[in-house]
Trainee: 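Starting off with a structure, shown below.
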Amino acid sequence: MRALLDTHTFIWWVIDDNRLSSTARNIIADPGNNLFFSAASAWEIVIKVRLGKLNLPEPPETYIPSRLTINRFESLPIHMNHALQVVNLPALHQDPFDRIIIAQSQVEKMPIITVDNKIKQYPVDVIW
């Protein structure tokens, strides 16, 4: 299975947060699955750290890549076709990070592992 981690899913997995569902845990723990982490999520984390809304045990520029490697997550860059797909999304909310992750999910044809109810309103497969 291929799946895209939402930002909170990545963080919750890395810190072993109990808010992560057993379904999400099983998918992430399965070495047969290919899990992706969007560059948009890295950008969102950096912004939250800079604003003081998120604390990490080390700077995000070392924390994020090291956790990707440790957890065998693949980085998903934002490509032009991802950005252009955003125009096709209904205007359900304006969070640019969610919108690009949704577009990436659609273009790459993979579900998003998320608890976010706003994302669930879009035409995208969601796992939780």
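Starting from 1, each residue takes its place in the sequence as its number. Worth saying up front: this structure is predicted, and the values here are computed from it rather than measured.
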Trainee: To the nearest 0.5 Å, what is the distance between CD1 (I45) and CZ (F10)?
Mentor: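 It comes to 5.5 Å.
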Trainee: Out of curiosity, L4 CG to T114 OG1, how far, rounded to the nearest 0.5 Å?
Mentor: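 If we round to the nearest 0.5 Å, L4:CG and T114:OG1 are 9.5 Å apart.
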Trainee: Would you check if the distance from the ring center of F73 to the ring center of F37 is below 6.0 Å?
Mentor: no
Trainee: Starting from L89, can I reach V126 by hopping between I/L/V/M/F/W/Y residues whose side chains sit under 4.5 Å apart?
Mentor: yes
Trainee: Using 0.5 Å steps for rounding, measure from the OH atom of Y63 to the CG atom of L56.
Mentor: 5.5 Å
Trainee: Are there more than 12 heavy atoms of other residues, nucleotides or ligands under 6.0 Å from atom CH2 of W43?
Mentor: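 No, the 6.0 Å shell around CH2 holds no more than 12 heavy atoms from other groups.
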Trainee: With the threshold set at 4.0 Å, does a side-chain nitrogen-carboxylate oxygen contact exist between E58 and R67?
Mentor: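 Yes, this pair counts.
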Trainee: As an exercise, state the distance from CG of L35 to CG of L68, rounded to the nearest 0.5 Å.
Mentor: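 Going from CG on L35 over to CG on L68, the span is 11.0 Å.
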Trainee: Would you mind checking if K118 and D116 are paired as a salt bridge, meaning a charged N to carboxylate O distance below 4.0 Å?
Mentor: no
Trainee: What is the ring orientation for H82 with H79, classed by angle as parallel under 30°, tilted 30 to 60°, or perpendicular over 60°?
Mentor: tilted
Trainee: Donor-acceptor pair, N33 side chain versus M1 backbone, under 3.5 Å?
Mentor: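 Yes, because the side chain of N33 sits within donor-acceptor range (under 3.5 Å) of the backbone of M1.
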Trainee: What pairs with E44 under side chain to side chain contact (heavy atoms under 4.5 Å, CB included), at least two apart in sequence or on another chain?
Mentor: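 Result, side chain to side chain contact (heavy atoms under 4.5 Å, CB included) vs E44: T7, K48, F97.
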Trainee: Measure the NE2-CG distance between H8 and L54 for me, rounded to the nearest 0.5 Å.
Mentor: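 Taking NE2 in H8 and CG in L54, the distance rounds to 13.5 Å.
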Trainee: Would I112 and V115 show up in the same hydrophobic cluster when neighbours are defined by side-chain heavy atoms closer than 4.5 Å?
Mentor: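 No; tracing contacts between hydrophobic side chains, which count when under 4.5 Å, never links both residues.
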Trainee: State, to 0.1 Å, how close P65 and P60 come at their nearest heavy-atom pair, and which atoms those are.
Mentor: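 Minimum heavy-atom separation between P65 and P60: CD-O, 3.6 Å.
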Trainee: Would I64 and I28 show up in the same hydrophobic cluster when neighbours are defined by side-chain heavy atoms closer than 4.5 Å?
Mentor: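 Yes, it is one cluster - the side chains of I64 and I28 are joined through contacts under 4.5 Å.
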Trainee: According to a 4.5 Å side-chain heavy-atom criterion applied to Ile, Leu, Val, Met, Phe, Trp and Tyr, with indirect links allowed, do L5 and M110 form part of one hydrophobic cluster?
Mentor: no
Trainee: For the pair D30 (side chain) and G32 (backbone), establish whether a donor and an acceptor sit closer than 3.5 Å, ignoring hydrogens and angles.
Mentor: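 Yes, the answer is positive, given that a donor and an acceptor are paired below the 3.5 Å cut-off.
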Trainee: Please report the shortest heavy-atom distance between R99 and V86, naming the atom on each side.
Mentor: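 Shortest heavy-atom contact: NH2-O, 3.6 Å.
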